[in-house]
Amino acid sequence: MKSMKTKKRILITIAHLFLAVLAVIWVFPIFWVIMTSFRAGKGSYSTEFIPDELTLGNYVKLFTDTGVFDFPRMFMNTFIIAAATCILATFFLISIAYAMSRMRFKMRKPYLNIALILGMFPGFMSMIAVYLSLIHISEPTRLDVIS
């Protein structure tokens with residue numbers, strides 16, 4: 001009994017160490033980009049990982065110098081599109097959720113399962129599933145050829 005607990009602790013420790021290494025590998029590039037953005041010199045190449053002098057000048061220049069490209073305008077356009085998309089998507093999803101919860105129809109359970117599965121992943125990850133579903137709806141025999 002005691003050896004099973006020891007084996008379990010060893011496996012959990014190995015799993016946590018593995019996950020910690022993966023977390024460091026994942027966070028390192030993000031940290032490097034952030035440190036590069038605060039670097040005083042031009043360009044991203046430097047001999048030091050952590051810069052000697054930290055500055056917010058790059059961010060000030062990004063929002064004030066519109067000679068190369070108009071970042072404030074691009075940022076505002078992106079914000080407007082993202083906000084409108086969020087509001088519309090929320091409205092449609094709430095409407096669909098209400099209809100699914102109140103109405104009873106033949107394929108209700110499979111639709112709920114598909115919505116649940118697709119809701120768990122970002123939109124770009126569900127493109128293949130949506131594509132295959134649309135092919136199956138339009139041409140049921142073609143899906144058999146693909147798989």
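Heavy-atom basis, side chains included; hydrogens, waters and symmetry copies ignored.
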Point to revise | Min side-chain heavy-atom separation R108-F105 under 4.5 Å | key: yes
Check your understanding: Does some side-chain heavy atom of F38 sit less than 4.5 Å from a side-chain heavy atom of L56?
Key -> yes
What do you reckon, is [atom1] of [X] surrounded by more than 12 foreign heavy atoms closer than 6.0 Å?
{"X": "M76", "atom1": "CE", "result": "no"}
{"X": "F71", "atom1": "CZ", "result": "yes"}
{"X": "F79", "atom1": "CZ", "result": "no"}
{"X": "M74", "atom1": "CE", "result": "yes"}

For a quick test of your reading: what N or O donor-acceptor pairs under 3.5 Å do the side chains of residues 11-23 make, sequence neighbours left out?
{"from": "T13", "atom 1": "OG1", "to": "R9", "atom 2": "O", "distance (Å)": "2.7"}
{"from": "H16", "atom 1": "ND1", "to": "I12", "atom 2": "O", "distance (Å)": "2.7"}

**Study point:** S37: partners by side-chain hydrogen bond (donor to acceptor under 3.5 Å, both in side chains), with sequence neighbours left out
**Key:** Y59
Just verifying a value: how many Å separate [X] [atom1] and [Y] [atom2], rounded to the nearest 0.5 Å?
{"X": "F75", "Y": "I80", "atom1": "CZ", "atom2": "CD1", "value": "11.0 Å"}
{"X": "F92", "Y": "L88", "atom1": "CZ", "atom2": "CG", "value": "6.0 Å"}
{"X": "L54", "Y": "R39", "atom1": "CG", "atom2": "CZ", "value": "9.0 Å"}
{"X": "K8", "Y": "K5", "atom1": "NZ", "atom2": "NZ", "value": "9.5 Å"}

Check your understanding: Which atoms form the tightest heavy-atom contact between T36 and N58, and what is the distance?
Key -> O-ND2, 4.2 Å
**Study point:** Least distance between heavy atoms, T64 atom then V60 atom
**Key:** OG1-O, 2.6 Å
Tell me whether [X] shares a hydrophobic cluster with [Y], the cluster being built from Ile, Leu, Val, Met, Phe, Trp, Tyr side chains joined at under 4.5 Å.
{"X": "Y111", "Y": "M103", "answer": "yes"}
{"X": "W26", "Y": "V24", "answer": "no"}
{"X": "I114", "Y": "M100", "answer": "no"}
{"X": "I30", "Y": "M35", "answer": "no"}

